[in-house]
Asks: 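First, the structure itself, so that you have it in front of you.
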Amino acid sequence: MKAFPQQPTYTGFNEPSRVEADVCDLEVEGELPLDLNGTYYRVGPDPQYAPRLGSDIYFNGDGMVSMFRFKNGRVDLKSRYVRTDKFKLEQEAGHALFGAYRNPWSDDPAVQGKNRGTANTNIVFHNGQLLALKEDSPPVAMDPDTLETIGNWDFNGKLSSQTFTAHPKIDPQTGEMVCFGYSATGVDTPDIAYYVVGPTGEIVHEVWIKSPYNCMIHDFGVTRDFVIFPIVPVVSSAERAKAGRPTFGWDGTKDIYLGVMPRRGTARDVRWFRAPNQFASHVMNAFNEGSKVHIDMPRAESNMFPFFPDISGKPFDRERAAARVTRWTLDFNSKGDTFEARQMTSLVGDFPRIDDRYAMESYRHGYLCVSDLTKPYDALRGGSITGMFINCLGHIDLATGKHEEYFVGPTSTLQEPVFIPKSATAAEGEGYLAVLANRHEELRSDLLILDAQRLADGPIATVHLPVRLRQGLHGNWVPATAA
Ligand SMILES: [Fe+2]
């Protein structure tokens, strides 16, 4: 096969690994708690072939799923590519056939109209199914034990949208999966298809609504009674895509919107609230107190994604891209269309997580990847970092506003953490954080286990991997009792 280009996206820690691993009983420094009993699944981009167009953005790589299975103080690793339609077609051809991110007009004519999904963004477990997700395509089902790809999952033929979010929300009380697809009728369309999937995997509620403008809707908020669609101007344009420019770009002139609807509402019930131009992408949690709806998101003054450039040609502004968790509050029954904003922490970062047992309700503890530029980074030993620079793990106590940080050291960075409760009945926040550390000097990965209530103390166990897991996107914990 053709060599990958010598570009930051494909070299150093980012060099595609393409390794499907099975490692039994990983080496552990410290002690793995005996109550860690279950599986941590995570996924990230790991391109199978050199990019068709000579370069590509990191987010367009093929999905590689890793699974860490914990039991009796031991942990095994398994990693497998998701055998997407794209993966199989390209493997057969022996080279890349699909072109730029979310740009079907840049594909080899031989694959026109084929499913472009890479399944590289999130991996969730619902109704006994493991689903690998990419927001431009339907879920891909995998065997939760072997990681064999089962195939595209369309909810027994009921998925009417062409797309499915990488951030569905599973209700810890009802077992429902609340989800949506945007650009639901194709690239650069305003259609949002909203679904409630019952605990047995059937679509039980479906609503089609239109976004105020065509844009990326990466995540959304779900409370006990409402759903919230954040509309942020990472805008799409088929014209730009056809001209060979990025499909998505930042529009610094447009307002943001929060589209709010009762969970079992209809398109007529949607209310649009608005605020001046700003950026937000991920949702930490959302909850409501009667008609008062709160959604917590890392919020920045401007675009956080340099690879989706400003459509007016303005250069990327790193300072204005700094995100801090902010609580937006609106009243669904109010006459106006405005909402309030309250910054919840001074920590700068993204990839927010919670104790998922408290999803959709009032909660106290939040965790996130933090970029702390007051801490040293040794570029001579670690090499340069491309993309988001995550050197700390943060815990925010939303009740007191206090925070705690764990610094991973001057030659390492971190991936998204996952919270693991000590037991099903443990109090909120009583448990562990599992997080992959990228060891840039050694070009290797470690999985760190921290006490979620004592982050500053550092890991209680460090699981040494003999392989490198490229920077991933999202993952989830599945307790042994649920599998
Ligand atoms: Fe995400």
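We use all heavy atoms of the structure for the numbers below, so side chains are in, but hydrogens, waters and symmetry mates are not. Just follow the structure's listing: the first ligand is 1, and inside any ligand the first atom is 1. All values derive from a computational prediction rather than experimental measurement.
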Asks: Restricting to N, O or S, what is the name of the atom of His218 that lies nearest the Fe ion (ligand 1)?
Replies: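 Looking only at N, O and S atoms of His218, the one nearest the Fe ion (ligand 1) is named NE2.
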Asks: Tell me if the centroids of the rings in Tyr10 and Phe4 come within less than 6.0 Å of each other.
Replies: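 Distance test on ring centres: under 6.0 Å, yes.
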Asks: Specify which N/O/S atom of His167 comes nearest to the Fe ion (ligand 1), by atom name.
Replies: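 Answer by atom name: NE2.
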Asks: Is the shortest distance from a Lys or Arg side-chain nitrogen in Arg263 or Asp225 to a carboxylate oxygen in the other one below 4.0 Å?
Replies: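 So Arg263 does not pair with Asp225 through a salt bridge.
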Asks: For N/O/S atoms only: which one belongs to His282 and is nearest the Fe ion (ligand 1)?
Replies: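 For His282, the N, O or S atom at the smallest distance from the Fe ion (ligand 1) is NE2.
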Asks: Please confirm whether Phe307 and Tyr101 have ring centers closer than 6.0 angstrom.
Replies: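 No, they do not, as the ring centres are separated by 6.0 Å or more.
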Asks: Under 6.0 Å between ring centres: does that hold for Phe164 and Tyr195?
Replies: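 No, ring centres 6.0 Å or more apart.
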